[in-house]
Amino acid sequence: MKYFYDRKSDSLYLSLAERREYGNSMEAAPGVVLDFDDHGQLIGIDLERASRVIDVSDLELHEEPSGVDAETARLDGVTLRQKREQLNLSQLELARRLSVSPNTIARWERGELKIEHPGMLQLALGSLHKTAPREAPTAASRTYYPDTNARPLIERARSVRKTTVHPGRGSETIPTVPRDKHRTKAAAIDHGREIAQNTSVKRVAHDRDGRIRDSDSYGNERHPKERGTDSKHAKKK
Amino acid sequence: MRTTEYFERKIQDRGIDRMWCERTVENPIATEVQEDGRVRYWAYIPEAKHYLRVVTEADGALLNAFFDRTFERRRVK
């Protein structure tokens, strides 16, 4: 059963069988109209001045907004999928950005799961519109930079070169790739931590022999199961 | 004619042509003013073979519309 409440006109409609075609109506009591299909089956109840009949304050969370917000309220699985495809995001990527499980996205899109707060979802999707278009995710971006917005920052940092002037001996220009620019390991770790915090990724420090020395996570770190799913997906491709 | 969000939704759900509603308000065969000031209009719609009831706010904004079986029975009696 679904219902639609229009606060402005104080009208409430209870839909009992949405897919049946409307036939005609009967006024059962003043302001209470029953809708029937062509076979005489009850399909809906229309209440004028609903606030006089029931306590509509309980409906506030579920009422469908009017005007501009109506579009938001009608967001369903099909439109969610369309918007996701417009954003060039996979279900997995969208799930990560919205902090929901990929299964939730899949069930929303299939219409198996009701979108409880479509307005919030619409806002979230709107904010994704404002971000820079994503590049096709690479294995590296999936592994190290879950949020690809972080990648330009890191790549820019790598491309910057630092010129050091030696009095009397001229100057030399060295690339400021993080591992080359720091005089001490502690300084490199601090710099890495700063980048990781700013871009909400995981920081991993390696020893010279490649073994992991330590690590910190600053959000958006993906679950190992998700990484496993990705690698399988990549193999299929 | 001004309409409400509810009206727009209900005529769409019920498959009622907006022109039928306007025709009913302009040329009703019966009218009633409710206690709350809202006005009911009825007219026969040959295309649908039903009597249509249109409810408007006191200021004339279209509020609701449906094929009124109750009115048909009242007419027969």
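Lettering follows sequence order; numbering is per chain, from 1.
- Under a cut-off of 6.0 angstrom, the local environment of CD in B:Glu35 is sparse, with at most 12 non-hydrogen atoms contributed by other residues, nucleotides or ligands.
- For the set B:Gln34, B:Lys10, B:Arg38, the entry with the most heavy-atom pairs within less than 4.5 Å of chain A is B:Arg38.
- In this structure, A:Ser9 OG and B:Asn64 CG are separated by 8.0 Å, a value rounded to the nearest 0.5 Å.
- Side chains of B:Arg69 and A:Ser25 form no contact here, defined as non-hydrogen atoms less than 4.5 Å apart.
- Not one N or O on the side chain of B:Tyr6 forms a donor-acceptor pair closer than 3.5 Å with the backbone of A:Lys8.
- More than 12 heavy-atom neighbours from other residues, nucleotides or ligands sit within 6.0 angstrom of CD on A:Glu85.
- Neither the backbone nor the side chain of B:Glu8 comes within less than 4.5 Å of any heavy atom in chain A.
- Contact of B:Asp36 with chain A is made through backbone and side chain together, with heavy-atom distances under 4.5 Å.
- The local environment of CD in B:Glu32 is crowded, with over 12 non-hydrogen atoms from other residues, nucleotides or ligands closer than 6.0 Å.
- With respect to chain B, the highest number of heavy-atom pairs below 4.5 Å among A:Ser11, A:Gly44, A:Gly23 belongs to A:Ser11.
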(request) Given side chain to side chain donor-acceptor pair (under 3.5 Å), test B:Asp68 with A:Asn24 step by step and report yes or no. (result) CA-CA 6 Å; B:Asp68 191 352; A:Asn24 55 35; over 6 Å; no
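- Annotation for A:Arg81: atom CZ does not count as buried by contact number, only 12 or fewer foreign heavy atoms lying within 6.0 Å.
- With a threshold of 4.5 angstrom between heavy atoms, A:Arg20 does not approach chain B through any atom at all.
- The distance from atom CZ of B:Phe66 to atom CD of A:Glu27, rounded to the nearest 0.5 Å, is 6.0 Å.
- Geometric assessment of B:Arg9 against the ring of A:Tyr13 yields a negative cation-pi assignment under the 6.0 Å and 45° thresholds.
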